[in-house]
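Note sheet for the following structure.
Keep in mind that the numbers below use all heavy atoms, side chains included, and drop hydrogens, waters and symmetry copies. Numbers for residues simply follow the sequence, beginning at 1.
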Amino acid sequence: MDAPVARSARVDRVIARARAAAGDVALFAHGHVLRALVARWIGSPAGAGQHFLLDTGTLCVLGYYRDVPAIKVWNGPLSGHTAG
């Protein structure tokens, strides 16, 4: 596993690319990376990702609430969900 500083920089680059995209973005990664990514998405240190439990095969949706990065769905079931 990479050092926390390197992991944070890597997920920050992914977040920057996702925010620059002209539409929805789907990301797939290892759970440890996704937990660091959600922490950085909301402005916390990457290490805060340890507080976000994540099961396999679940759906997570990140977005905004009044222009503030927010977690819309975390660790949700895949069936019957529509993002939006």
Side-chain angles (χ1 to χ4, degrees):
M1 187 171 296
D2 54 351
V5 173
R7 185 179 323 118
S8 183
R10 193 170 72 236
V11 296
D12 285 349
R13 288 191 303 270
V14 171
I15 289 170
R17 289 182 68 187
R19 288 181 172 158
D24 293 340
V25 175
L27 300 173
F28 301 86
H30 191 277
H32 296 301
V33 173
L34 292 173
R35 292 194 323 250
L37 187 134
V38 74
R40 296 300 299 140
W41 179 264
I42 61 172
S44 296
Q50 69 183 337
H51 300 289
F52 294 93
L53 302 179
L54 185 60
D55 295 329
T56 25
T58 57
L59 178 69
C60 301
V61 179
L62 306 179
Y64 295 92
Y65 177 74
R66 298 184 180 176
D67 296 325
V68 175
I71 303 165
K72 295 174 93 173
V73 176
W74 187 256
N75 211 29
L78 291 177
S79 62
H81 181 81
T82 56

Quick one: do [X] and [Y] end up in the same hydrophobic cluster if we chain Ile, Leu, Val, Met, Phe, Trp and Tyr together by side-chain heavy atoms under 4.5 Å apart?
{"X": "Val61", "Y": "Phe52", "result": "no"}
{"X": "Val14", "Y": "Tyr64", "result": "yes"}
{"X": "Leu27", "Y": "Val38", "result": "yes"}

Minimum heavy-atom distance between [X] and [Y], given as atom pair plus value:
{"X": "Gly49", "Y": "Ala39", "result": "N-CB, 3.6 Å"}
{"X": "Leu53", "Y": "Trp74", "result": "O-NE1, 2.7 Å"}
{"X": "Leu37", "Y": "Ile15", "result": "O-CD1, 3.7 Å"}

(request) Could you tell me which residues satisfy side chain to side chain donor-acceptor pair (under 3.5 Å) with Arg17, sequence neighbours excluded, listed by chain and number? (result)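 Side chain to side chain donor-acceptor pair (under 3.5 Å) list for Arg17, sorted by chain: empty.
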
(request) Using side chain to side chain donor-acceptor pair (under 3.5 Å) as the criterion, list what pairs up with Asp67, not counting sequence neighbours. (result)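 Asp67: no side chain to side chain donor-acceptor pair (under 3.5 Å) contacts found.
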
Does the side chain of [X] reach to within under 4.5 Å of the side chain of [Y], using non-hydrogen atoms?
{"X": "Leu34", "Y": "Cys60", "value": "no"}
{"X": "Ile71", "Y": "Ile42", "value": "yes"}
{"X": "Arg19", "Y": "Val25", "value": "no"}

(message) By the side-chain hydrogen bond (donor to acceptor under 3.5 Å, both in side chains) test, which pairs, at least two apart or in different chains, include something from residues 35-54?
(response)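 Those involving residues 35-54 are Ser8-Arg40, Asp12-Arg40, His32-Arg35.
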
(request) Any chance you could measure Asp55, atom CG, to Asn75, atom CG, to the nearest 0.5 Å? (result)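 Reported value, rounded in 0.5 Å steps: 4.0 Å.
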
